[in-house]
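Here's the structure, in structure tokens; my notes come after.
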Amino acid sequence: MIRILELIWKISGGAKMRKRDIGMKTITALLSAAMMTASVTGCGTENEAAKTDSSSTVETKSAADVKESTSGFAETAESSSISGSESTSEEDKTTPDDKLIIVSFPSEYRNHWNEDKNYGDIEVRVDGIQIMSDGYEKLQQTITKCDKKLWDDSEQIYNESLEDIKDFKDDDRNVTCTYDNTVKMKRADSSVFSYERTEYSYLGGAHPSTLYTGYVYDTLSGRQLCLDDVTDDKDKIYEEVMKQLEESEDSSAFFDGWQDTIKKWFDNSGKTDDTGSDTEDGTEDGTEDSHINWYFDQTGLNVIVNAYDIGPYAMGSRKISVPYDSGLIKKEYCAELKYPAQDVALYEGFTYTDVDGNEKNVYLSADENGDDDEYRNIVLNIAKAEDDTSPVKITLSGFYLESMYLVTAPDGGKYLYVDSVSDNDWNELDVIDMNSDEPQLIKNSDDGALYDFNILDSDSFVMATRVGILGTYNVYRTYHVGNDGTPEADEDEYTIINDDYDWAERHTGEPKGTGTIPELDNLPYYSALKTKCDISVMMHVDGSDEKKQETIPAGTVCIPYKTDAKTYVTFRSLDGKEFDVKVDIVNYEDTIDGKDQDDVFDGITYAG
């Protein structure tokens, strides 16, 4: 399934048309995975391209703060200790104010175009991890070091594939060598930051390969955790894992000696490296038969068993779960969410308890609606079991699925949030009531969608959209599930997604920017404006909610930071000051103090 992992500039649906439209070069830097592939492999103008996509990034900082940033694969900042044998001291920890840790996944791409056969024969993608909330610098350093290693590994795969495709050409085979390393957040709170990487590759062999790797960190210190850190009874966890595997219906097909493999994993679970899993002491990194591969989610500890670990490829992978209420996980590492959210997927069954306390089984599948030559809305089939021949069919707002979450309302009611992609990669969020005998579509959210943001907590999550005020901006704000099951905003303001950490530039040395306003192009932001005249603003007073009227001079660089999308934009100056610019919008025309926006600001750009 295609995943759109980036918030992109939307180019349809009421976008204002202006004198200076956004250029395709700028849009390309913001395109999603699907659009990126099309732009590289669909034109044939480049034989080899290193592509970057930084979707949502950390909140805007001052120029001084930017210099200290630790985001991006190319930076190799020294991280905190990642040895599982070392404890986390209190002085290693910070105390950020954010209740919700906001995370995005900027992606790097490298693709190769076969000009002779007119198709893309190498496609490489690696997701990075960008912590958008303030106060997690040590964690970001540790993760960045790991991300950089993954990108370097993918570069080797790309170079080896360049040699392989020569053989495919001689064999007259049209093969696309594909390597995707994507991220799914599993848990992010003040104690634990945990995610799972999915590594999909097809390099011309008999079949593709999919491997899963879990990563678990102490959120505040950035130290990677091993199994010995989070339990006082590793032996009982081992017994539980063995029990669940032995009771598997297909256990008779496991490799001979599989029990020894599992035992070795647990015997060597006392040390970590930056690959994300516990590794055998004395080895450079974990191998398939020497490490335990695990992660935390909202329900417990999950041990990953990949294909070929203990059984043949056809058996696939599996997850063995040890719940927090088993008493086997240290209390400080147990999640305590009042309204947890559950990530669900097509062609996988799950069980939940509805608002009346009834336990229900669900199996989800999907098909498409419409003619072959038209866009087709996805039809979600909600069945009670895989062999249910009479599922409830719900037509979604989008053309293909992005993500699905089972969320919990304050009264305990369960609702399915389905994020899908429609025209021009505009995401839609459909809300389905799962409490009645027959699931019902109750709303298509008109207040944004999930895009690449995950829902881990029904009481605090992020949705994003696009607004047009002094330019086109991708924005986000936090929400919670309301009493009726629909998302309710926690705040009136949106935060503008604006930092531009250009990872491709760091790899290739090629300059970024359109060259239209060099002073602005050299700043690490997608959007920065410059005043053409003196303007009156409401300056924020440090350390208070007070604002006072001031005049800022012509030539001031203004970095968009927040907006209510209707009447004002909050900017930050390069010296860190914050101020509001009041905007009057009449018939899609933006004015400031009676002057047209283009007479007040240089650098305004609209999608469309």
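Predicted model only: the values in this text are computed from it and were never measured.
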Donor on one side chain, acceptor on other, [X] and [Y], under 3.5 Å:
| X | Y | result |
| --- | --- | --- |
| Ser573 | Asp575 | yes |
| Glu493 | Tyr568 | yes |
| Ser397 | Asp430 | yes |
| Ser460 | Asp457 | no |

Could you tell me whether a side-chain N or O of [X] sits under 3.5 Å from a main-chain N or O of [Y], the two making a donor and an acceptor?
| X | Y | result |
| --- | --- | --- |
| Thr144 | Gln141 | no |
| Ser104 | Ile102 | no |
| Asn377 | Leu396 | yes |
| Asp590 | Leu470 | yes |
| Tyr606 | Gly471 | yes |
| Lys530 | Gly603 | no |
| Arg477 | Glu491 | yes |
| Thr142 | Gly222 | yes |
| Asn454 | Leu456 | no |
| Thr408 | Pro340 | yes |

### Task
For atom NZ of Lys577, decide whether the heavy atoms of other residues, nucleotides or ligands shown that lie under 6.0 angstrom number more than 12.
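12 or below, so no.
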
Listed by chain and number, what are the salt bridge (Lys or Arg N to Asp or Glu O under 4.0 Å) partners of [X], not counting sequence neighbours?
| X | value |
| --- | --- |
| Asp580 | Lys547 |
| Glu428 | none |
| Asp490 | none |

Quick one: list whatever passes side chain to side chain donor-acceptor pair (under 3.5 Å) with [X], sequence neighbours left out.
| X | answer |
| --- | --- |
| Lys582 | Asp584 |
| Thr531 | none |
| Asn181 | Tyr179, Arg197 |
| Asp484 | Thr486 |

Which heavy atom of [X] sits nearest a heavy atom of [Y], and at what distance?
| X | Y | result |
| --- | --- | --- |
| Ser422 | Gly398 | CB-CA, 4.0 Å |
| Pro560 | Tyr473 | CG-OH, 3.4 Å |
| His480 | Ala489 | CE1-O, 4.4 Å |
| Val103 | Ile129 | CG1-CG2, 3.8 Å |
| Gly482 | Pro410 | O-CD, 3.6 Å |
| Glu578 | Met539 | O-SD, 3.3 Å |

### Task
Could you list the residues that satisfy ring-ring contact (aromatic ring centres under 6.0 Å, His included) with Phe461, not counting sequence neighbours?
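Testing Phe461 for ring-ring contact (aromatic ring centres under 6.0 Å, His included), a comparison that skips the adjacent residues, returns none.
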
### Query
Under the ring-ring contact (aromatic ring centres under 6.0 Å, His included) test, which residues partner Phe601, sequence neighbours left out?
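Per chain and number, Phe601 pairs via ring-ring contact (aromatic ring centres under 6.0 Å, His included) with Phe571.
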
### Query
Between Phe399 and Ile378, is a side chain to side chain contact (heavy atoms under 4.5 Å, CB included) present by the stated rule, with each step listed?
CA-CA 5 Å; Phe399 304 137; Ile378 287 288; 5.6 Å; no

### Message
Please evaluate residues Asp596 and Thr591 with respect to the criterion side chain to side chain donor-acceptor pair (under 3.5 Å), reporting the C-alpha separation (whole Å), side-chain torsions for both, the decisive distance (0.1 Å), and the verdict.
### Response
CA-CA 5 Å; Asp596 184 84; Thr591 60; over 6 Å; no

### Query
Given the rule in the side chain to side chain contact (heavy atoms under 4.5 Å, CB included) test, do Tyr339 and Val481 qualify, once you have shown the distances and angles that lead to the verdict?
CA-CA 9 Å; Tyr339 305 115; Val481 177; over 6 Å; no

Quick one, [X] and [Y] - any side-chain contact, counting heavy atoms below 4.5 Å?
| X | Y | result |
| --- | --- | --- |
| Lys138 | Leu220 | no |
| Thr178 | Tyr200 | yes |
| Glu402 | Leu450 | no |
| Tyr215 | Val183 | no |
| Ile559 | Leu574 | yes |
| Lys186 | Asp343 | yes |
| Trp426 | Tyr451 | yes |
| Leu100 | Val462 | yes |

Distance from [X] atom [atom1] to [Y] atom [atom2], nearest 0.5 Å?
| X | Y | atom1 | atom2 | value |
| --- | --- | --- | --- | --- |
| Arg110 | Ile157 | CZ | CD1 | 12.5 Å |
| Tyr476 | Thr465 | OH | OG1 | 14.5 Å |
| Asp147 | Lys145 | CG | NZ | 12.5 Å |
| Tyr217 | Arg223 | OH | CZ | 12.5 Å |
| Asp189 | Ser194 | CG | OG | 10.0 Å |
| Gln140 | Ile143 | CD | CD1 | 6.0 Å |

### Task
Please report the C-alpha distance between Lys595 and Cys533 in whole Å, then the side-chain angles of each, then the deciding distance to 0.1 Å, and finally whether the side chain to side chain contact (heavy atoms under 4.5 Å, CB included) criterion is met.
CA-CA 10 Å; Lys595 297 179 180 179; Cys533 59; 3.9 Å; yes

### Set of residues satisfying side-chain contact (heavy atoms from CB on, under 4.5 Å) with respect to Thr219, sequence neighbours excluded
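Scan of Thr219 (side-chain contact (heavy atoms from CB on, under 4.5 Å), adjacent residues dropped) gives Ile101, Tyr136, Leu139, Phe193.
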
### By side-chain contact (heavy atoms from CB on, under 4.5 Å) - contacts of Ser445 (at least two apart)
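By the side-chain contact (heavy atoms from CB on, under 4.5 Å) rule, Ser445 matches Leu429, Asp447, Met463, Pro487.
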
Can you give each donor-acceptor pair under 3.5 Å made by side-chain atoms of residues 548-558, sequence neighbours left out, with the distance rounded to 0.1 Å?
unit_1: Gln549; atom_1: NE2; unit_2: Ser536; atom_2: OG; d: 2.8
unit_1: Thr556; atom_1: OG1; unit_2: Pro553; atom_2: O; d: 2.7

### Message
Does Thr495 form a side chain to side chain contact (heavy atoms under 4.5 Å, CB included) with Met132? I'd like the steps, not just the answer.
### Response
CA-CA 11 Å; Thr495 297; Met132 300 169 68; over 6 Å; no

